[in-house]
Amino acid sequence: MTLHLYDTASREVSEFKSLKPSQVSIYVCGATVQGPPHIGHVRSGVNFDILRRWLIKSGYDVTFIRNVTDIDDKILHTAKHDEMPWWAVAMKYERVFTAAYAELNIMPPTYEPRATGHITQMIELMQKLIDNGAAYAPGNGDVYLEVRKLKRYLTLSRQNIDDLQAAADADETNKKDVRDFALWKAAKPGDPSWPTPWGPGRPGWHLECSAMAHAYLGEKFDIHGGGLDLVFPHHENEIAQSEAAGYGFAQRWLHNAWVTQSGEKMSKSLGNSLQVNEILKSVRGIELRWYLGSAHYRSMLEYSPAALEESATNFRRIESFLKRATEIIGEKPTLQLGKEFRDAMNDDLAVPTALASISENLRLGNQAVTDNDKAAIAKNANEIRGALDVLGCDPFDPAFVQSGSSDLTPALDGAIKLALAERASARERKDFAASDAIRDGLADLGITIEDTAQGPRWSIN
RNA sequence: GGUCGGGUGGCCGAGAGGCGAGGCAAGGGACUGCAAAUCCCUCUACACGGGUUCAAAUCCCGUCCCGACCUCCA
């Protein structure tokens, strides 16, 4: 089976064919850096990171662009409130986002352009749109796209333009039509601005993505991604601008669904308990990633602490098997993939189905450990590690290796082995009170002992 | 008002005309001195009412409920 992906525009899953052989270009709308990320933001990051890793694994050379929107109303509002320069606010939260992405092992984009670094490209695009009659500058410093002149509009969301509700704050005096949207916004006193032929101002939201996608990926590219809420207006308007400029733009649209809480979309009003930093106090980054990646990217993921904990438990079982297999085989598993896993991933990234294949590998692998069948242990461990690698959850990935512990491990191992030797001799003379005291003592220190066919092994909780 | 998703076992979550996804929890069993870990077994669900069909969780009609978007949200 070849890779098939959903396309929001056609509402169908279809075979993926890249524009250029063995190369894929992807543009994903990144964050507006106005505050720290919650787990919904990073779910989008994880979903598209899995897509990227799967494309790479499938042999593609992937160019992955994710922008940073570093100028917008909310950033300006926060700047005013916190008495900081707007650019300091943007940089502060951009760094928090970058750190969160890193904690979750989300690969850095090939290029990560900032909106304010591409004003030149935006002005060029606006000039083009004005020259060909698609956009107009009413003279007050604003620039609008004239949506009634478009050959086609609202093809992603399949809405009728006359059914749209006009914005509550629509400034009808400058727009030819209330549905026209701003490419550029005239400067307001005290706000940052950049000079243009139509007056000083700042970018409208939609313009930046069209300009940056064009700058880094050219007139047409393979995949455009983002959150479901961006379909309208953001992506519709990107399409409108880009097609009006004569660009082919995105060949396929992918949108990830929400993390919800109590059935509702996560938002700032629900508080900050779901910020990535808060969640990472209770689980590791690799476990949060496993949880966020485990649901299908187009399905809502209903968050609850219990669901997160359950998912983490499941991951630890898998991780524990891999470590044990490594001890028995004497080397780390290699990266292999089973057919069922491949087929699931090729079917529009059916991660939940792919996870079922990992569970089967785990069961067979554990059986093999009982039977001491090293070939079967290796096969299943290899396939599990290969699958985890695609999902960005390989426990052997240096991104997840915790610093500080490695230096002490040999010394600790030696000390625990001494205690285990005492326990073994106590057990031999049937002095179970003594042997259990050793085990309980270690348990109090957070060290769990398991008796296996290959002898006792220890792990830190 | 318009557009679009959903409702699946105790819980989480796939599937989309026939063949019990998977996980977590729970109960039973095997192994163990006892545990832990592991394996085996059990728990046969698809909002409601009609319809189509040899066959419906899946398709159609209707109803109820939940949610998203409708001009700067991942």
Side-chain angles (χ1 to χ4, degrees), chain A residues 8 11 28-32 34 37-48 69 71-75 147 154 157-170 178-182 185 203-206 208 225-234 236-237 255-260 262-268 291 294-296 298-302 304 306-311 313-315 317 320-321 324 344 350-360 362-367 369-371 427 430-432 435-436 439-440 443 448-453 456-457 459:
Chain A
T8 308
R11 307 267 162 83
V28 175
C29 290
T32 300
Q34 52 168 324
H38 56 60
I39 57 175
H41 292 119
V42 289
R43 178 189 186 187
S44 178
V46 168
N47 286 157
F48 286 106
T69 298
I71 181 79
D72 99 313
D73 285 340
K74 286 177 182 167
I75 292 172
V147 297
L154 309 179
S157 58
R158 299 189 179 179
Q159 295 178 100
N160 186 326
I161 190 165
D162 294 311
D163 293 333
L164 295 184
Q165 294 175 349
D169 59 347
V178 291
R179 337 276 177 186
D180 290 351
F181 62 89
K185 296 180 164 194
W205 178 32
H206 318 299
E208 54 167 289
L228 200 53
D229 53 351
L230 299 180
V231 172
F232 184 89
H234 186 52
E236 295 287 13
N237 291 350
H255 291 95
N256 66 280
W258 309 126
V259 178
T260 57
S262 308
E264 285 181 33
K265 177 182 168 185
M266 195 168 282
S267 72
K268 266 194 156 175
Y291 170 66
S294 64
H296 188 94
R298 286 193 281 122
S299 296
M300 301 289 175
L301 177 61
E302 169 68 14
S304 72
L308 173 62
E309 188 49 48
E310 172 192 309
S311 180
T313 301
N314 176 236
F315 182 75
R317 273 189 79 212
S320 167
F321 166 70
R324 201 165 160 198
V351 174
T353 307
L355 296 187
S357 78
I358 295 178
S359 292
E360 182 66 3
L362 180 63
R363 191 176 65 79
L364 294 173
N366 276 319
Q367 272 178 351
V369 168
T370 304
D371 300 342
R427 289 177 74 197
K430 310 265 188 221
D431 183 356
F432 298 120
S435 70
D436 287 353
R439 188 172 66 198
D440 292 346
T448 303
I449 302 304
E450 292 169 29
D451 292 320
T452 74
R457 60 192 294 273
S459 59

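Chain letters run A, B, ... following the sequence lines, proteins first, then strands; residues in each count from 1.
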In whole angstrom, what separates [X]'s [atom1] from [N]'s [atom2]?
| X | N | atom1 | atom2 | value |
| --- | --- | --- | --- | --- |
| A/Phe232 | B/C4 | CZ | C1' | 13 Å |
| A/Phe321 | B/G23 | CZ | P | 15 Å |
| A/Met300 | B/G67 | CE | P | 11 Å |
| A/Asn237 | B/C70 | CG | P | 12 Å |
| A/Asp162 | B/U71 | CG | C1' | 16 Å |
| A/Leu355 | B/A21 | CG | P | 16 Å |
| A/His296 | B/G5 | NE2 | P | 14 Å |
| A/Ile358 | B/C24 | CD1 | C1' | 16 Å |

Just to be sure I understand the rule, does [X] reach a base, reach only the sugar-phosphate, or reach nothing, if contact means heavy atoms closer than 4.0 Å?
| X | value |
| --- | --- |
| A/Lys430 | nothing |
| A/Asp436 | base |
| A/Asn314 | sugar-phosphate |
| A/Leu230 | sugar-phosphate |

I'd like the [atom1] distance from [M] over to [N], given in whole Å.
| N | M | atom1 | answer |
| --- | --- | --- | --- |
| B/A16 | B/U8 | C1' | 12 Å |
| B/C24 | B/A37 | P | 12 Å |
| B/U42 | B/G20 | C1' | 13 Å |
| B/G29 | B/C66 | P | 45 Å |
| B/G5 | B/C54 | C1' | 33 Å |
| B/A14 | B/G2 | P | 30 Å |
| B/A56 | B/G49 | P | 15 Å |
| B/A25 | B/C61 | C1' | 39 Å |

Quick check for you: among [options], whose closest atom lies nearest to any side-chain atom of [X]?
| X | options | answer |
| --- | --- | --- |
| A/Gln159 | B/G2, B/G23, B/A36 | B/G2 |
| A/Pro233 | B/U71, B/G33, B/G2 | B/U71 |
| A/Arg11 | B/G23, B/C40, B/C4 | B/C4 |
| A/Glu302 | B/G23, B/A36, B/G13 | B/G13 |
| A/His206 | B/U71, B/U38, B/A21 | B/U71 |
| A/Arg427 | B/U3, B/C34, B/A74 | B/C34 |
| A/Trp258 | B/G13, B/U71, B/A74 | B/A74 |
| A/Ser44 | B/A74, B/A36, B/C39 | B/A74 |
| A/Asn366 | B/A35, B/C39, B/G13 | B/C39 |

Inset, instruction - Show your reasoning for whether side-chain contact (heavy atoms from CB on, under 4.5 Å) applies to A/His255 and A/Val231. - result: CA-CA 8 Å; A/His255 291 95; A/Val231 172; 3.5 Å; yes
Inset, instruction - For A/Leu301 and for A/Thr313, find the nucleotide of RNA chain B with the closest heavy atom, then tell me which residue's nucleotide is more 5'. - result: A/Leu301
Inset, instruction - On RNA chain B, check which nucleotide each of A/Phe432 and A/Ala307 is closest to and give me the residue with the more 5' one. - result: A/Ala307
Inset, instruction - Would you name the heavy atoms of A/Pro352 and A/Ala295 that are closest together and state the gap between them? - result: CG-C, 4.1 Å
Legend entry - Which atom of A/Asn256 lies closest to which atom of A/Asn47, heavy atoms considered: CB-OD1, 3.4 Å
Inset, instruction - Determine, stepwise, if the pair A/Ser459 / A/Arg324 fulfils side-chain contact (heavy atoms from CB on, under 4.5 Å). - result: CA-CA 11 Å; A/Ser459 59; A/Arg324 201 165 160 198; over 6 Å; no
Inset, instruction - Check if the side chain of A/Arg439 and the base of B/C34 share a donor-acceptor pair of N or O atoms closer than 3.5 Å. - result: yes
Inset, instruction - Please evaluate the base of B/A37 for a donor-acceptor partner in the side chain of A/Arg457 within a cut-off of under 3.5 Å? - result: no
Taking any strand in view, what nucleotide pairs with [N] in a Watson-Crick or G-U wobble way, both distances under 3.5 Å?
| N | answer |
| --- | --- |
| B/C4 | B/G67 |
| B/C43 | none |
| B/C59 | B/G51 |
| B/C24 | B/G10 |

For [N], does either OP1 or OP2 sit under 4.0 Å from a side-chain N or O belonging to [X]?
| X | N | result |
| --- | --- | --- |
| A/Arg363 | B/C40 | yes |
| A/Ser299 | B/A14 | yes |
| A/Ser435 | B/C34 | no |
| A/Arg317 | B/U38 | yes |

Inset, instruction - Classify the angle between the aromatic ring planes of A/Trp205 and A/His234 as parallel (below 30°), tilted (30 to 60°) or perpendicular (above 60°). - result: parallel
Legend entry - Check against side-chain contact (heavy atoms from CB on, under 4.5 Å), A/Arg427 and A/Asp451: CA-CA 12 Å; A/Arg427 289 177 74 197; A/Asp451 292 320; 3.6 Å; yes
